[in-house]
Every structure is written in structure tokens, then in C-alpha cells.
Amino acid sequence: MITYEDISRRAKVLLEFCEYPAVQYKVKFSILDVPYEDSELSLLRKAFLKSDIVEEMYQTQDSYGGWGRFQSKDYSVKAKIPTSSVGIERCLYIGLTVEDRDILFMAEEYLKELLLGTSHEKIWEKNERAVPWHRAMVCNLLEAITPNSPVCDETWHQWLFIAGRAYEDGEYSYERDKAAQHEVFLTRESRLVPMQSELLLKRREEISGSLEDAMLRHLGRHACENGYFWDKTPDRLPEKFRYDKTRRWFKTFNYINQFRGSALYLKGAVDWIMENAREDGLWDWGPQIKDPWGYFGYFSCNRNYKHNQVVDCTVEILDFLKHYIDNNTAL
């Protein structure tokens with residue numbers, strides 16, 4: 001079993017390999033769990049908040065607090081950050097909090113207005129499933145910025161009720177899920193809004209361990225066997241780690257890894273990752289592809305492409321492994 005010591009050792013190698021402030025801050029704050037109030041981290045934060053990666057998010061944020069439309073890309077605008085949801089996820093990933101500058105503070109206000117229906121932007125489509133689906137997406141980001149956000153209470157409890165019905169005997173039931181969604185959302189379609197497990201787990205302390213285990217064994221197994229993102233599944237890992245599509249597996253890895261006990265489906269994937277590290281302990285998956293994970297996963301705006309390639313890959317893997325250990329320790 002991989003340990004925190006393994007992560008710490010690899011993280012320190014990366015800190016020596018790359019002195020860029022955004023990388024140093026992400027590794028120390030998000031992976032090594034250095035407290036926010038730590039004096040050395042506070043000093044480093046000053047450089048991080050002035051780095052090009054943070055400045056880019058600040059300069060591209062619009063006056064409403066977003067980065068264009070919430071989810072649907074506006075192809076008439078050649079924006080580096082294609083949607084507001086991607087922009088907010090990126091801010092969270094690099095380590096920004098609502099206390100840092102005013103980027104996530106403005107983003108939080110933008111999301112609240114969307115949820116309350118007072119925004120300049122309307123995202124509620126005619127499809128009856130779109131309303132509860134989009135509300136859950138907005139709440140998921142709000143809860144990531146400020147946990148236990150009161151404006152999300154109703155939505156979170158709706159999904160707790162639905163999940164409780166769908167998994168009430170420990171096994172998933174489509175019919176019970178459908179009945180609960182029809183009751184809560186007043187929908188009529190046989191197609192359902194996907195189970196909002198990520199939102200539910202934002203308040204993990206309020207749901208039972210048996211419910212989380214049931215979701216893992218249903219949703220995690222499905223993702224492992226059939227894929228969450230195209231055909232990239234832990235059951236069918238490539239022979240070679242280093243090639244231009246390797247990072248696409250991480251969408252599935254991270255989806256399964258949201259649950260405690262994720263080793264049930266990810267142990268082989270973690271072994272594969274650890275076996276494919278470079279001699280210095282870092283990772284390089286080869287040329288990156290321009291999809292939402294390859295294009296926006298960068299940590300530096302400098303022109304040393306191969307250097308960035310190693311940094312981006314290693315940060316993403318360490319971030320995944322950190323959550324993997326958190327979710328599989330002391331079970």
C-alpha cells in the first residue's frame with residue numbers, strides 16, 4: 001500500500017525540480033497539507049498570488065465573476081478559459097481559496113446568482129432534467145469554495161433523499177431512483193439525472209458509510225469496467241504509460257477516487273502509476289493533448305514545454321495519489 005511517506009518523498013523531488021511559485025504552493029498546501037496559517041507558506045503565498053498563473057485567472061475573469069457562460073462554450077469568443085465552470089475548477093485546483101485576492105469571492109457571488117435566478121445569465125434549458133442537473137453542478141462548485149453553503153442546503157438534501165431511496169437496501173435500483181427523482185423534481189422522463197455523488201460527498205460527514213459504500217460499488221464498478229470518459233478504464237490500462245493519451249485515464253481515476261475505499265477498483269491503477277515513474281521519482285506521460293484536462297492542466301506560462309510536461313503530469317498524479325491515500329487509510 002502506498003503511504004504518505006511515499007508521497008512526501010516524491011513531492012520533495014518535485015519541489016527541487018521546479019521552483020515556480022505556483023508549483024511550490026500547490027505541492028505544499030494541497031499535497032503536503034502545510035497549514036494555511038503557516039508562516040513560511042504565508043510568505044510563499046505572496047509570490048503565488050503574483051504569479052502568471054493567478055494573474056491570468058484574474059485578468060480573464062469577467063465583471064460578473066465568471067469566465068463567460070457557465071457550461072456551454074461560446075465559440076464566437078476565442079477564450080483561453082472556455083467556460084466559467086472550467087475557470088472555477090482551475091482556480092480551486094491550483095490552490096486558490098476564497099480568502100486569496102477576490103477571484104473566488106467574485107466567482108462565489110456569480111454562482112449564487114445563478115442558483116437564485118438573479119444572474120444576467122440563464123442556464124436553465126427546456127429539457128426537464130437540465131434544471132436539477134445544472135443546479136447540482138452549481139452547488140458542487142459553491143460547496144468547493146465555501147463548505148456547507150446555506151444556499152445549497154435544499155439541493156443537497158434533495159439528492160440525499162434520492163440517493164437514500166435509490167440505494168436503500170445497499171444495492172442500486174433504477175426504478176427507486178426514477179420514482180424519487182420524479183417525486184422531488186416533478187419530472188416525467190425515464191432518463192434520469194446522473195446521481196450527484198460528488199455533491200453529496202462534499203458533506204461526507206452527514207451521510208452514512210453504508211450509503212457511500214453502496215455508491216462506490218455501483219458507480220465505481222461501472223466506471224472501472226465501462227469507463228467514465230470514453231473507453232479509458234482501470235480495467236484496460238495501456239502497456240505504455242508515456243504517450244499522448246495517458247492523462248485521459250485520470251478522469252475515470254478521479255471519479256472512482258472520490259469514494260472512501262476506492263482501492264477496491266484502483267489498486268491496479270496505482271501500482272501501474274508507481275511502476276511507471278522516472279528514475280528520479282517524477283512522471284512524464286509524453287506530449288499532452290488539447291482536451292479540457294491536457295490544455296488547462298498547465299502550471300506555468302513559460303515556454304519550456306518539456307519541463308512543464310513533467311511538472312503538470314507529476315502534480316496531477318501526486319494530487320490523485322494524495323486523495324487515494326486519504327480515502328483508503330484507517331477504513
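- Ring geometry for Tyr110 versus Phe70: interplanar angle of 30 to 60°, hence tilted.
- Under the side-chain contact (heavy atoms from CB on, under 4.5 Å) criterion, Met106 pairs with Gln61, Asp102, not counting sequence neighbours.
- Under the side chain to side chain contact (heavy atoms under 4.5 Å, CB included) rule, Val151 has a single partner from Thr146, Leu111, Leu142, which is Leu142.
- Here CG of Leu115 is found 11.0 Å from CG of Leu141. Values are rounded to the nearest 0.5 Å.
- For the pair Lys26 and Tyr93, the distance from NZ or CZ to the six-membered ring centre is under 6.0 Å and the angle to the ring normal is within 45 degrees.
- Aromatic ring orientation, Phe29 versus Tyr25: tilted (interplanar angle from 30° to 60°).
- When all heavy atoms of Trp67 and Asp62 are compared, the closest pair comes out as N-OD2, 3.8 Å.
- A cation-pi arrangement is present between Arg45 and Tyr36 under the rule of less than 6.0 angstrom and at most 45 degrees off the ring axis.
- Expressed to the nearest 0.5 Å, how far CG of Leu264 lies from CG of Asn327 amounts to 13.0 Å.
- Side chains of Tyr4 and Asp326: a donor-acceptor N/O pair is present below 3.5 angstrom, by distance only.
- Other residues, nucleotides and ligands contribute over 12 non-hydrogen atoms within 6.0 Å of the NE2 atom of His218.
- Two residues are said to be in side-chain contact when any heavy atoms from C-beta on lie closer than 4.5 Å; Glu40 and Val34 fail this criterion.
- Here the side chains of Ile94 and Phe48 are in contact, with some heavy-atom distance below 4.5 Å.
- Residues Thr233 and Asn226 share a closest heavy-atom pair of CG2-C, 3.6 Å.
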For this session: Determine, step by step, whether Glu189 and Glu128 satisfy the side chain to side chain contact (heavy atoms under 4.5 Å, CB included) criterion, reporting the C-alpha distance in whole Å, the side-chain angles of both residues, the deciding distance to 0.1 Å, and the verdict.
Result: CA-CA 8 Å; Glu189 290 190 24; Glu128 66 177 5; 2.9 Å; yes
For this session: List the steps and the verdict of side chain to side chain contact (heavy atoms under 4.5 Å, CB included) for Leu200 and Gln258.
Result: CA-CA 11 Å; Leu200 286 172; Gln258 67 181 302; over 6 Å; no
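- Atom-to-atom distance recorded for Asn276:CG and Lys240:NZ is 11.5 Å, nearest 0.5 angstrom.
- Residues Trp283 and Met274 approach most closely at CZ2-SD, 3.9 Å, considering heavy atoms.
- In this structure, the side chain of Thr252 does not engage the main chain of Ala223 through any donor-acceptor pair within 3.5 Å.
- Minimum heavy-atom separation, Pro194 to Trp159: O-CH2, 3.6 Å.
- Gln181 and Asp177 share a donor-acceptor pair across their side chains, judged by distance under 3.5 Å alone.
- Crowding of Glu239 atom CD: a count of heavy atoms from other residues, nucleotides or ligands under 6.0 Å not exceeding 12.
- Met1 and Ile7 fall within a single hydrophobic cluster, where Ile, Leu, Val, Met, Phe, Trp and Tyr side chains are chained together by heavy-atom contacts under 4.5 Å.
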For this session: Show the numbers, then the answer: is there a side chain to side chain contact (heavy atoms under 4.5 Å, CB included) between Thr314 and Arg10?
Result: CA-CA 9 Å; Thr314 302; Arg10 304 299 178 98; 6.0 Å; no
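- Rounding to the nearest 0.5 angstrom, the gap separating the CD1 atom in Ile207 from the CD atom in Glu212 is 5.0 Å.
- With contacts defined as side-chain heavy-atom distances shorter than 4.5 Å, the pair Leu15/Lys28 qualifies.
- To the nearest 0.5 Å, atom CG of residue Leu43 and atom NZ of residue Lys46 are 6.0 Å apart.
- Remark: Asp169 engages Arg176 in a salt bridge, criterion side-chain N to carboxylate O under 4.0 Å.
- In this model, no donor atom of one side chain and acceptor atom of the other lie less than 3.5 Å apart for Glu121 and Ser119.
- Under the 4.0 Å criterion applied to side-chain N and carboxylate O atoms, Glu5 and Arg9 are not assigned as salt-bridge partners.
- Proximity of Lys322 to Asp33: side-chain heavy atoms (C-beta onward) are separated by under 4.5 Å at one or more points.
- Between the side chains of Asp100 and Thr97, at least one donor N or O sits under 3.5 Å from an acceptor N or O.
- Residues Gln196 and Thr155 form no side-chain contact, since every pair of their non-hydrogen atoms from C-beta on lies 4.5 Å or further apart.
- Trp249 has its ring centre no less than 6.0 Å from the ring centre of Phe320.
- In this structure, Ser84 and Gly68 approach most closely via the heavy-atom pair OG-O, 2.7 Å.
- Looking only at side-chain heavy atoms (C-beta outward), Trp285 and Cys313 come within less than 4.5 Å of each other.
- Note: the hydrophobic cluster containing Leu186 does not contain Val193 (ILVMFWY, side chain heavy atoms under 4.5 Å, direct or indirect links).
- For residues 150-167, every residue pair satisfying the salt bridge (Lys or Arg N to Asp or Glu O under 4.0 Å) rule, not counting sequence neighbours, is listed here: Asp153-Arg203, Arg165-Glu183.
- Aromatic ring pairs are classed by plane angle as parallel below 30°, tilted from 30° to 60° and perpendicular above 60°; the pair Trp272 and Phe253 is perpendicular.
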Problem set entry | Trace of the side chain to side chain donor-acceptor pair (under 3.5 Å) decision for Asp6 with Thr3 | CA-CA 5 Å; Asp6 295 324; Thr3 65; 3.2 Å; yes
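- Of all heavy-atom pairs between Asp319 and Ile31, the closest is N-CD1, 4.0 Å.
- Residues Asn328 and Lys267 fail the side-chain proximity criterion, which asks for heavy atoms closer than 4.5 Å.
- The neighbour count for Glu55 CD, taken as heavy atoms of other residues, nucleotides or ligands under 6.0 Å away, is above 12.
- Here the straight-line distance linking atom CD1 of Ile317 with atom CG of Leu14 works out to 11.0 Å at 0.5 Å rounding.
- Between Glu113 and Thr118 the shortest side-chain heavy-atom distance falls below 4.5 Å.
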Problem set entry | side chain to side chain contact (heavy atoms under 4.5 Å, CB included) between Lys306 and Asp284, worked out | CA-CA 9 Å; Lys306 290 185 178 180; Asp284 180 4; over 6 Å; no
